[in-house]
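Worksheet: one structure, shown below.
In what follows, chains carry the letters A, B, and so on, assigned in the order in which the sequence lines appear, proteins first and then strands, with residues in each chain numbered from 1. These figures come from a predicted structure and were not determined experimentally.
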2 protein chains.
Amino acid sequence: MSQTVDRALSILPLLAEGPANLEQVAGRLQVHKSTALRLLRTLHEHGIVHRQPDQRYRLGARLFALAQEAVENLDIREIAHPYLAELNAACGHTVHLAVYEEDEVLYIDKVESRYPVRMYSRIGKPVAITVAAVAKLLLADLPEPERRAVAERLDYPRYTSRSTSGPAAFLAELAKVREQGWATDLGGHEESINCVAAPVRGADGRAVAAMSVSAPNVVVSAEELLGLLPLVRRTAEAISAEYAGQPPPGAPAGGFPGPAGASPSVSPSPSVSPNPPPPRKSSKKAAP
Amino acid sequence: MSQTVDRALSILPLLAEGPANLEQVAGRLQVHKSTALRLLRTLHEHGIVHRQPDQRYRLGARLFALAQEAVENLDIREIAHPYLAELNAACGHTVHLAVYEEDEVLYIDKVESRYPVRMYSRIGKPVAITVAAVAKLLLADLPEPERRAVAERLDYPRYTSRSTSGPAAFLAELAKVREQGWATDLGGHEESINCVAAPVRGADGRAVAAMSVSAPNVVVSAEELLGLLPLVRRTAEAISAEYAGQPPPGAPAGGFPGPAGASPSVSPSPSVSPNPPPPRKSSKKAAP
DNA sequence: ATGGGCGTTGCACAAGCTGCAACAAGATTT
DNA sequence: AAATCTTGTTGCAGCTTGTGCAACGCCCAT
């Protein structure tokens, strides 16, 4: 849209390939040297490109700083919430979002079940780290040595007969989870409650959060809940894409995403046809 | 130099602070909405900014990708990392690697302290250039006239009573640092935090980076930290040697500088006997 | 319904960008 | 050492291109 800016930005991927001098840049841009010079100078003033001692231009460290700052200010919860709500609308069950931090996994967001029977949980509360599906995903993503170290120093309370028994069993479970890219908790915390979970990944592929759908088996059987897995995974991936700042799938580079509609909409609603009971009052409000 | 590009680039740091809508952007840029729109569109087409479902703009995936490439081109980082990790393993404190670029000193790598009390810092963040030990080393290495010029145009915030007071004091400090080949920051940025730093030099002797060990004095006194100086210097020299293409110590003499094979190992571990406590939970806040 | 907020569009004007050509400074060759 | 080539830099005239205005449309809240 703006020729000048367009040209300037075209310099960046070019420099990403490696350092280049003024003439090379001008050549690749198909503009006069003086034009390229002015663009490079502007980029330089902003620290986006850096001038090497040999006068050639490179991408600058400032770029790195910008990206870093942006990532830090990214709020997974804010980004994820509409997707959680949508998922909840689709299946009616409790949806959680959790992050790992300092040997703990914390729920940071939640959309309440619309069924009368609900599971108990609280935003900000540490989850049962050895059994929760979201915890398994987040720990499974840690680098091997740390994963092992954490597994060793955890406690393994026997909430139920199906709770993880100890470090060995836990590490084995983590390996499986890591492999398959999703996790479950079938009665490991509360005898009658099951969960399925999927990871939300950042631009670098690391798991920044995990989300789960939980329901007591008086409402849906474990098998039925597992039927939601594809939807859960798809939702998690949609959040990941959004979190990484990727353009929505429909948009071929350059074009506009169109009317940009509005809501997340993971995909033209999934094959799962839920039977959400008459909505209870839902707690739209996030949390402290 | 180029007004249009200048304005477009000014949008980036603004969006790094968090998502913003068209009006906010136009406001901060002091331009008409339509102008801001065109700039944002151009940035959008290049994938530099991303449009959220709520129509607000934030930095996009391509910027992250570019930043990644930019930092990968800084091969010091790659070479140095194992040494930083080793140093951290030896002393338990936070280890930083920083480079100088365009009147700024940026952290480009970091290995976290294993003590519960940590200092705050962020990769990609510009450091307090007038007081940080790494900054002193990098600036001390500039040729005299430039060093003076930079010193003149810096600000000298008084973070603490021991912060550098102004250009004269700073230049004196730089001269001393240049002379002795290492630097400290004893409470110049945060009253309770000390650092010791040493330079990483390229084949031509110029400082290409600097590394530091930082610790709050509730953990170790300044004197104890200074005791680490020999180790820090030896590590920096090991990195310098490898960066300059010399075979890592382990390799048979005369061989290839090659893939650098295995582990760093600065020297048969130093006299410093650390007592790194097992990490406990600290109260770092999650996503707001 | 009505009004306000916000993004989007078309357009006339001139600001600013573009490319040219000449200049400067090193490096390389004769 | 002089000549020549290469590459970055500057000033400028012309006109492309970006700018701000005002009007429009859409959506949400009242």
Exercise. With respect to the phosphate group of C:dC17, does any side-chain polar atom (N or O) of A:Thr4 fall under 4.0 Å of OP1 or OP2?
Worked result: no

For this session: Report, as yes or no, whether the 6.0 Å neighbourhood of atom CD on B:Glu179 holds more than 12 heavy atoms from other residues, nucleotides or ligands.
Result: no

Exercise. If you check the B:Arg7 side chain, which of C:dT8, D:dG20, C:dT18 turns out closest?
Worked result: D:dG20

For this session: Please state whether the phosphate of D:dG20, meaning OP1 or OP2, lies under 4.0 angstrom from any side-chain nitrogen or oxygen of B:Thr35.
Result: yes

Exercise. Within this structure, what is the CG-to-C1' distance between B:Asp54 and D:dC28, rounded to whole angstrom?
Worked result: 15 Å

Exercise. D:dT9 C1' sits how many Å from A:Glu23 CD, rounded?
Worked result: 13 Å

Problem set entry | Salt-bridge criterion met for B:Arg41 and B:Glu45 (N-O under 4.0 Å) | no

For this session: Just compare C:dG16, C:dG7, C:dT18 and give me whichever is closest to any side-chain atom of B:Gln3.
Result: C:dG16

Seminar exercise, completed: Rounded to whole Å, NZ of B:Lys33 lies from P of D:dC24 at a distance of 14 Å

Exercise. Quick one: does A:Tyr83's side chain get under 4.5 Å of A:Val200's, heavy atoms only?
Worked result: no

Problem set entry | Any B:Arg148 side-chain heavy atom under 4.5 Å of B:Leu171 side chain | yes

Exercise. Of all the choices, C:dG7, D:dG8, D:dT17, which nucleotide is nearest to the side chain of A:Leu22 once you look at every atom?
Worked result: D:dG8

Problem set entry | Under 4.0 angstrom between A:Arg38 side-chain N/O and C:dT18 OP1 or OP2 | yes

Exercise. Nearest-Å distance, NE2 (B:His32) to P (C:dT8)?
Worked result: 14 Å

Problem set entry | Between P of D:dC26 and CD of B:Gln55, the distance in whole Å | 13 Å

Exercise. NA contact type, A:Arg56, heavy-atom cut-off 4.0 Å: base, sugar-phosphate, or nothing?
Worked result: nothing

For this session: Whole angstrom is fine here: how far is it from CG in A:Leu40 over to P in D:dT7?
Result: 16 Å

Exercise. How many Å lie between CG on B:Leu37 and P on D:dC24, as a whole number?
Worked result: 19 Å

Exercise. Nearest to the side chain of A:Arg41 - C:dG7, D:dT10, C:dC20?
Worked result: D:dT10

Exercise. Within the structure shown, what part of the strands sits under 4.0 Å from B:Ser34 by heavy-atom distance: base, sugar-phosphate, or nothing?
Worked result: base

For this session: Indicate yes or no: at least one non-hydrogen side-chain atom of A:Val49 is less than 4.5 angstrom from one of A:Leu12.
Result: yes

Problem set entry | Interatomic distance, B:His44 NE2 vs C:dG7 C1' [rounded to whole Å] | 14 Å

